[in-house]
Amino acid sequence: MENDPFLRQYQPSELKIASEFLTNWLPFLSKDLCKDCNHLLSNRIRSLDPAHCSNNTDKVDGECKTGSCSVVENMGSERASNNVDDNYDEKSENGEDCDNHSLGSWKGSEIVFGSFPEDFSSVLQSRPAVVETASPRMRWADMAQEDEFDEEEEEEEEERDSSRKGFDASSMKTPEKPKLSRDQRENLRLINVKRKKDFICLERVKGKIVNVLDGLELHTGVFSAVEQKRIVDQVYQLQEKGRRGELKKRTFTAPHKWMRGKGRETIQFGCCYNYAPDRAGNPPGILQREEVDPLPHLFKVIIRKLIKWHVLPPTCVPDSCIVNIYDEGDCIPPHIDNHDFLRPFCTISFLSECDILFGSNLKVEGPGDFSGSYSIPLPVGSVLVLNGNGADVAKHCVPAVPTKRL
């Protein structure tokens, strides 16, 4: 590899990144290849890493025995950038299917989504929308072109670098750490995002045995610690504005905590959801004549990230959100989200991990205490996407949380 004119254009650090990235994609790239071609491709990718190459004494010069091996067939440039074979899932350590990259495409679904009472739930399209296919119209045209999360991480990295330089540089010369571009850093983070979509819970519903969790997807590692801190800080700022009466009347709600599990504070943007029949006789659902504050700019940056990383489908973009602010002991009772919000919808977890329960027959055991068929841990920085049976057949709830949570 050292004499290859193409590889000489790149630094060893860049080749190492390429090797790590392609190694993660190797199961997909080598699918349908014969054994020899698979081995040859694997060795070629691993040899990009100079450290690995220096320790590797085996060389393979295999030939394809099947006459022709197709790596990717009929894949144009657009499809290659937007679609990945969802039928292949790497096996996780516990034997469950788990995707190490969140680049899967959504197939055969109504690609619109909505929600209400999840932790910081992003909600899409509070009214019916036309599904666009060829060139979907993105509604975040007003967003900043620069990725503000990345800019903040760059600043933090520079601060860390400067704090390490507390010695006389003239007395100790060390090679500078190669700086990665924004795209390189994003690619490294993207390959570490995991997606789990093989949730199974069989229950009898209307006389038939069905998987009530079909349609759920859990994406972990989506938001870094820097991003989480910035989002949490803004939520607390919005909470203070709500308490001071600086938000529209229906945007911020802080009920009286009259018993355990009751009284979490909520902030809703984009549309006004009525949780229960009110004094005016309005049923639960979106109140068309009530106004709340629009989505804050940072929330639009979050939405842009979720779509760019294929956590949410790109044909429709969230236009509303409800932030749930939990104190210790707060909960969300069993429910199915109102169909004024279209599917899929998602919930993003911050501050602390908690369990969310699913089942077609969840039981209330006591104040903030629920039991159900299936429990899913929601790590901080994760995104749970609800669709299909997971959104419409199974109820879900969050039992009383042990500590603060958003």
Side-chain angles (χ1 to χ4, degrees), residues 111-129 132 136-152 219 222-223 227-254 264-275 285-309 311-325 337-338 340-351 381 383-386 406:
I111 313 190
V112 265
F113 69 108
S115 167
F116 73 100
E118 297 308 350
D119 323 324
F120 200 45
S121 306
S122 291
V123 184
L124 171 73
Q125 298 296 87
S126 53
R127 54 192 177 278
E132 301 167 341
R137 191 177 78 185
M138 309 307 273
R139 302 188 183 183
W140 23 263
D142 59 330
M143 294 183 192
Q145 294 299 312
E146 294 295 324
D147 190 330
E148 300 178 17
F149 285 144
D150 280 345
E151 290 175 358
E152 194 150 316
H219 302 252
V222 178
F223 293 93
E227 294 167 344
Q228 292 179 49
K229 182 181 184 304
R230 185 176 177 194
I231 294 166
V232 169
D233 287 347
Q234 169 135 48
V235 169
Y236 282 145
Q237 291 173 12
L238 292 167
Q239 182 186 32
E240 286 303 315
K241 290 180 69 174
R243 289 173 172 175
R244 294 195 300 264
E246 297 174 7
L247 300 177
K248 291 184 179 179
K249 182 178 179 181
R250 297 299 292 262
T251 296
F252 177 75
T253 305
R264 74 182 185 280
E265 296 184 7
T266 61
I267 313 174
Q268 47 183 330
F269 299 102
C271 68
C272 179
Y273 182 77
N274 193 33
Y275 286 89
I286 294 176
L287 301 179
Q288 301 292 345
R289 296 183 181 180
E290 293 284 350
E291 289 189 358
V292 295
D293 288 84
L295 284 169
H297 173 74
L298 181 60
F299 287 22
K300 295 180 181 180
V301 175
I302 295 170
I303 293 167
R304 179 185 176 197
K305 178 187 180 75
L306 295 179
I307 293 171
K308 184 178 180 181
W309 283 25
V311 175
L312 294 177
T315 45
C316 285
V317 180
D319 61 6
S320 61
C321 172
I322 294 180
V323 183
N324 290 292
I325 304 173
D337 285 68
N338 193 290
D340 281 357
F341 298 112
L342 305 183
R343 275 52 170 159
F345 54 89
C346 77
T347 176
I348 312 176
S349 298
F350 296 105
L351 277 186
V383 183
L384 179 68
V385 179
L386 292 85
L406 299 176

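Note: hydrogens, waters and symmetry copies are ignored here, and every other heavy atom, side chains too, is used. The model shown is predicted, which means the values in this text are computed figures rather than measured ones.
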- prompt: So, do I325 and V235 sit near enough that their side-chain heavy atoms are less than 4.5 Å apart?
  reply: yes
- prompt: Quick one: do E240 and R243 make a salt bridge, cutoff under 4.0 Å?
  reply: yes
query: CG/N338 to OH/Y275 distance, rounded to the nearest 0.5 angstrom?
result: 11.0 Å
query: Of all heavy-atom pairs between F350 and I231, which one has the smallest distance, and what is that distance?
result: CZ-CD1, 3.7 Å
task: Give the C-alpha distance, both sets of side-chain angles, the deciding distance and a yes or no for side chain to side chain contact (heavy atoms under 4.5 Å, CB included) between V383 and T347.
output: CA-CA 6 Å; V383 183; T347 176; over 6 Å; no
Where Q228 and G381 come nearest, the two heavy atoms and their spacing: NE2-CA, 3.7 Å
Residues forming a side chain to side chain donor-acceptor pair (under 3.5 Å) with E246, sequence neighbours excluded: R244
- request: Check whether any side-chain heavy atom of I348 lies under 4.5 Å from a side-chain heavy atom of I302, and answer yes or no.
  value: yes
message: I need the minimum non-hydrogen distance between V292 and C272, along with the two atoms involved.
response: CG1-CB, 3.7 Å
message: Can you list everything that forms a side chain to side chain donor-acceptor pair (under 3.5 Å) with Q239? Sequence neighbours excluded, please.
response: E265
message: If you define the side chain from C-beta out and look only at heavy atoms, does anything of C346 sit under 4.5 Å from L386?
response: no
Contacts of R289 that satisfy salt bridge (Lys or Arg N to Asp or Glu O under 4.0 Å) - sequence neighbours left out: none
query: Quick one: are V317 and K300 in side-chain contact, heavy atoms under 4.5 Å?
result: no
message: Are the side chains of I303 and L295 in contact, using a 4.5 Å heavy-atom criterion?
response: yes
message: Using the side chain to side chain donor-acceptor pair (under 3.5 Å) criterion, which residues pair with K229? Sequence neighbours excluded.
response: D233
field: Distance, nearest 0.5 Å, that separates NZ of K305 from CZ of F223
entry: 6.0 Å
message: Between V323 and F299, is there a side-chain heavy-atom distance shorter than 4.5 Å?
response: yes
query: Does any non-hydrogen side-chain atom of C271 lie less than 4.5 Å from one of L287?
result: no
statement: SG of C321 to CD1 of I267, rounded to nearest 0.5 Å, is 9.0 Å
query: What pairs with K241 under salt bridge (Lys or Arg N to Asp or Glu O under 4.0 Å), at least two apart in sequence or on another chain?
result: none
- prompt: Should F345 and L312 count as side-chain neighbours, where that means a heavy-atom distance under 4.5 Å?
  reply: no
task: Output all residues satisfying salt bridge (Lys or Arg N to Asp or Glu O under 4.0 Å) with R250, sequence neighbours left out; order by chain, then residue number.
output: E290
- prompt: Listed by chain and number, what are the side chain to side chain donor-acceptor pair (under 3.5 Å) partners of T266, not counting sequence neighbours?
  reply: none
task: Can you label the angle between the F341 ring and the Y273 ring as parallel, tilted or perpendicular, going by 30° and 60°?
output: tilted
query: CG/L406 to OG/S349 distance, rounded to the nearest 0.5 angstrom?
result: 9.5 Å
message: Just to verify, what does K248 make a salt bridge (Lys or Arg N to Asp or Glu O under 4.0 Å) with, not counting sequence neighbours?
response: E291
message: To the nearest 0.5 Å, what is the distance between CZ on F269 and OG1 on T251?
response: 6.5 Å
